[in-house]
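So the structure is just underneath, and the comments pick up after that.
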Amino acid sequence: MARSFYTRLQRQLQQKGLRHALASLYQRVQYRYRYLRDDVLFDKRYGVETRRIESVYLSQQQSDYLDSAEFYEPSRWRHFSRMLAHLPIQPADFHFIDIGAGKGRVLMFADRAGFRQITGVELASQLVETARSNLQRYQRKTRSTAEFALRCEDVAHFHVPAGNLLIYLYNPFRGELMQLFLDKLQQAQQGGRLIYVLYRNPACADLFAARPGLQCRVLNRDYGVYQVISTRQ
């Protein structure tokens with residue numbers, strides 16, 4: 001690995017000069033540092049496995065919307081905390097729901113942030129079992145008293161629960177399935193409660209923007225933060 005790295009660095013020096021080579025080196029070091037800090041150390045601290053990207057499981061799932069699904073990739077605390085900082089809420093007053101919960105990392109983030117009712121919804125049974133094992137280890141380590149729930153469910157059949165909700169999405173799906181899910185959120189908002197959406201890697205931001213019932217609070221290349229408002233007269 002070290003030899004291949006030095007070979008690439010030497011090639012960049014020869015082809016693009018010192019400035020480009022140093023910039024490339026800095027980016028690589030920064031990436032490795034963040035991976036160590038945000039992924040390796042998180043898993044080690046709580047005795048869990050959430051950092052490995054997964055995609056093979058997708059071919060084993062049954063869903064009418066499988067073409068819209070995206071692979072598992074772990075969220076990072078720095079993005080989660082930045083998104084949450086845009087909302088003037090008390091976490092204990094909200095039911096936190098991660099759609100496409102994967103291995104459960106964001107459910108642990110939610111506990112750290114102060115949410116007490118925390119639900120993960122995930123299509124793949126393999127990932128649900130991993131998430132369940134991770135949460136058991138996490139709870140033993142932290143003695144968390146949060147109420148965790150995991151649901152192995154196709155989001156096409158998801159029923160939006162009552163009460164104040166904070167929905168988390170890490171680009172779990174696109175296209176027709178995203179449209180269907182946004183329909184569910186808007187139909188569920190009849191006033192009298194708060195529904196917010198944290199959207200990491202907002203690949204479908206255009207679908208959100210096209211809906212008057214989704215009020216954008218912030219949008220950048222890393223994430224979007226939205227409030228679902230009632231449009232009924």
Quick check: closest heavy atoms across [X] and [Y], and the distance to 0.1 Å?
X	Y	answer
Arg193	Ala188	NH2-O, 2.9 Å
Cys152	Ala124	SG-C, 4.2 Å
Gly224	Leu219	CA-CD1, 4.0 Å
Glu54	Phe71	O-CB, 3.3 Å
Ala131	Gly102	CB-O, 3.5 Å
Ala101	Gly120	CB-CA, 3.6 Å

If you count every heavy atom of other residues, nucleotides or ligands that lies below 6.0 Å from Glu176 atom CD, does the total exceed 12? no
If you count heavy atoms of other groups shown closer than 6.0 angstrom to CG of Asp93, is the number above 12? yes
Tell me if the aromatic rings of Trp77 and Phe42 count as close, with their centers under 6.0 Å from one another.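 No: the rings miss the under 6.0 Å criterion.
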Between Tyr196 and His86, is the gap from one ring center to the other below 6.0 Å?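 No, ring centres 6.0 Å or more apart.
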Check: residues 197-208 side-chain donor-acceptor pairs under 3.5 Å, at least two apart:
{"from": "Tyr199", "atom 1": "OH", "to": "Ala203", "atom 2": "N", "distance (Å)": "3.3"}
{"from": "Tyr199", "atom 1": "OH", "to": "Cys204", "atom 2": "N", "distance (Å)": "2.9"}
{"from": "Arg200", "atom 1": "NE", "to": "His79", "atom 2": "ND1", "distance (Å)": "3.3"}
{"from": "Arg200", "atom 1": "NH1", "to": "Asp222", "atom 2": "O", "distance (Å)": "3.0"}
{"from": "Arg200", "atom 1": "NH2", "to": "His79", "atom 2": "ND1", "distance (Å)": "3.3"}

For the pair [X] and [Y], find out whether any cationic side-chain nitrogen is under 4.0 Å from an anionic carboxylate oxygen.
X	Y	result
Asp183	Arg211	yes
Glu122	Arg151	no
Arg105	Asp43	yes

Could you check Tyr138, Phe115, Phe80 and say which one makes a ring-ring contact (aromatic ring centres under 6.0 Å, His included) with Phe109?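 Only match with Phe109 under ring-ring contact (aromatic ring centres under 6.0 Å, His included): Phe80.
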What distance separates [X] [atom1] from [Y] [atom2], expressed to the nearest 0.5 Å?
X	Y	atom1	atom2	value
Ile53	Arg51	CD1	CZ	12.0 Å
Gln126	Leu123	CD	CG	9.0 Å
Arg132	Leu107	CZ	CG	11.5 Å
Ile99	Met178	CD1	CE	10.0 Å
Met108	Lys141	CE	NZ	12.5 Å

N/O donor-acceptor pair under 3.5 Å between [X] side chain and [Y] backbone:
X	Y	result
Lys103	Val48	no
Glu49	Arg52	yes
Gln215	Gln227	no
Ser133	Thr130	no
Asp111	Arg116	no

Do [X] and [Y] come close enough that some side-chain heavy atom pair is under 4.5 Å?
X	Y	result
Tyr223	Asn171	no
Leu127	Tyr72	yes
His95	Thr119	yes
Glu147	Ile118	no
Val121	Asp98	no
Lys184	Leu180	yes

Quick check on the hydrophobic clustering: are Val218 and Ile89 connected, directly or via other members, by side-chain heavy-atom contacts under 4.5 Å?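 Hydrophobic grouping puts Val218 with Ile89.
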Which pairs would a plain distance check flag for residues 154-169, meaning a side-chain donor or acceptor within less than 3.5 Å of a matching protein atom at least two apart in sequence or in another chain?
{"from": "Asp154", "atom 1": "OD1", "to": "Ala156", "atom 2": "N", "distance (Å)": "2.9"}
{"from": "Asp154", "atom 1": "OD2", "to": "Ser63", "atom 2": "OG", "distance (Å)": "2.8"}
{"from": "Asn164", "atom 1": "OD1", "to": "Leu194", "atom 2": "N", "distance (Å)": "2.9"}
{"from": "Tyr168", "atom 1": "OH", "to": "Ser75", "atom 2": "OG", "distance (Å)": "2.6"}

